[in-house]
Amino acid sequence: MTGHTWLDLPDDSPFGLANLPYGVFSLPDGRHRLGVRIGDQVLDLGAAARATGLRDAYLDAASLTPLLGAGRPVWTALRRTVTGWLSDPAHRPAIEPQLHPLAEVSLHLPFEPADYVDFYASEHHAANLGALFRPGSPALTPNWKHLPIGYHGRAGSLVASGTEVVRPNGQRRAPEDEAPSFGPSRRLDIEAEVGFLVGAPTELGRPVSLAEFPEHVFGVCLVNDWSARDLQAWEYVPLGPFLGKSFATSVSPWIVPLEALEQARTTPPPRDVPLLPYLDDQDAPPWGLDLTLEVRLNGHLLSRPPAASLYWTAAQQLAHLTANGARLRAGDFFASGTVSGPAHDQRGSLIELAWNGTEPIKLPDGSTRTFLEDGDEVVISATAPGPGGTRIGLGEVTGRILPAA
Ligand SMILES: O=C(O)/C=C/C(=O)CC(=O)CC(=O)O
Ligand SMILES: [Ca+2]
Ligand SMILES: [Mg+2]
């Protein structure tokens, strides 16, 4: 799948032929179109199909959702077609006019979200949050190593990267407060996560096995699960996260196909307890992913969370999500949970990096942060190993904080 492109592109481009991520873009006419990123350009898929005589209704859609529903054989054939367009010089006259510089297009949320689930796959993150939210109790709850814990998020609050995030208002009660009050969150945080886009639907009642993961998951992107820690800490017992996380969840614009992450696949950490058969991946092909995330606040690198350290894989999360027969729909989306590695500079949230406000982070401009301030901009990016020592780019998910309404 690598080979050479007729485009003028360095061999080590993170957006070369080995990647070819999908997104949705618009030109000044405002119409949403499907695109594939190659280098710093976007190929208009619908226009390329027309120019080459390919009749494929999925490519004329305004979102990825119809293509998602078509399933793995269609995804594989399309990837082969696009690779041919960009590598065979015979296609150049038809394809080249359908390329647009990235700087001249607007990027959008590339799918219509169906359901959204957020998991909790990092042992390091779970142990840190356990220590901060539940001091005196064991760091991990008794179920943690037996099942991938998750909660249903708010699909309608998924937003495109670059969408400004208004500081949420809500109820909060600090330990020293006698009663709760209503107002702007004072503890606004980020969570650096990996997102997984479904893909081929299932019928109600049919679980998806570990082995079926690639038949149902189309690709991978980046997520910032903005979290108001003060709202969360007061509201979450006993039903879990609610308004503290449902005001905005930012999604990166490029969905990297699973095929592009073949070299990134890795064995997850050793399991400490035997797993029930539907989750036991000892003898299954591994779905750990060696993605290195980078979290920047106002341009300053805060941390490099390693997704390879996640205890639960996305294949296990999907198997668990459907174990009760819950069905999948095209546009379902799930996130890994905050990616935090064992080291301090691998933590994926500010509550961990600044240890609940007790160890403020120093920024190069001389200021410090415990949580986000109005005007702060957060950028989460990632790369993965690609063929022949190259890197696959996942792009970035960005957002800036606006003052509360
Ligand atoms: O431990 C808790 O009560 C809460 C944890 C989180 O806020 C994390 C969450 O959203 C799941 C994750 O991203 O890992
Ligand atoms: Ca989260
Ligand atoms: Mg829903």
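Please read these numbers as outputs of a predicted model, since none were measured by experiment. As the structure lists them, so they are numbered: ligands from 1, and atoms in each ligand from 1.
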Give the residue and atom name of whichever protein heavy atom lies nearest to [atom], and the separation in Å to one decimal.
atom: atom 3 (O) of ligand 1; answer: Arg134 NH1, 2.9 Å
atom: atom 1 (O) of ligand 1; answer: Tyr120 OH, 2.5 Å
atom: atom 10 (O) of ligand 1; answer: Lys245 NZ, 2.7 Å

Can we call the ring centroids of [X] and [Y] under 6.0 Å apart?
X: Trp287; Y: Phe213; answer: yes
X: Trp144; Y: Tyr311; answer: yes
X: Phe196; Y: Phe218; answer: no

Polar side chain donor-acceptor pair, [X] to [Y], under 3.5 angstrom:
X: Asn356; Y: Thr358; answer: no
X: His32; Y: Ser63; answer: no
X: Thr338; Y: His125; answer: yes
X: Lys245; Y: Ser227; answer: yes
X: Arg154; Y: Ser246; answer: no

Relative to the heavy atoms of [X], which atoms of ligand 1 are at a distance of less than 4.0 Å?
X: Tyr151; value: 10 (O)
X: Gly337; value: 12 (C), 13 (O), 14 (O)
X: Tyr236; value: 3 (O)
X: Asp225; value: 10 (O)
X: Phe119; value: 11 (C), 12 (C), 13 (O), 14 (O)

SB check Glu396 Arg296 (cutoff 4.0 Å):
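Between Arg296 and Glu396 there is no salt bridge, as every charged N stays at least 4.0 Å from the carboxylate O atoms.
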
Using heavy-atom distances, let me know which of Glu191, Arg229, Gln232 sits nearest atom 8 (C) of ligand 1.
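The option holding the nearest heavy atom is Glu191.
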
The Ca ion (ligand 2) - name of the N/O/S atom of Glu193 that sits closest to it:
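Looking at Glu193, the N, O or S atom with the least distance to the Ca ion (ligand 2) is OE2.
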
Of the N, O or S atoms in Asp225, the one nearest the Ca ion (ligand 2)
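Considering only N, O and S atoms, Asp225 comes nearest to the Ca ion (ligand 2) through OD2.
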
Judging by distance only, is a nitrogen or oxygen of Glu193 under 3.5 angstrom from one on ligand 1?
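Such a contact does occur with ligand 1.
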
Angle, OE1 of Glu191 through the Ca ion (ligand 2) to OD2 of Asp118 - 10° precision:
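Asp118 OD2 and Glu191 OE1 form an angle of 150° at the Ca ion (ligand 2).
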
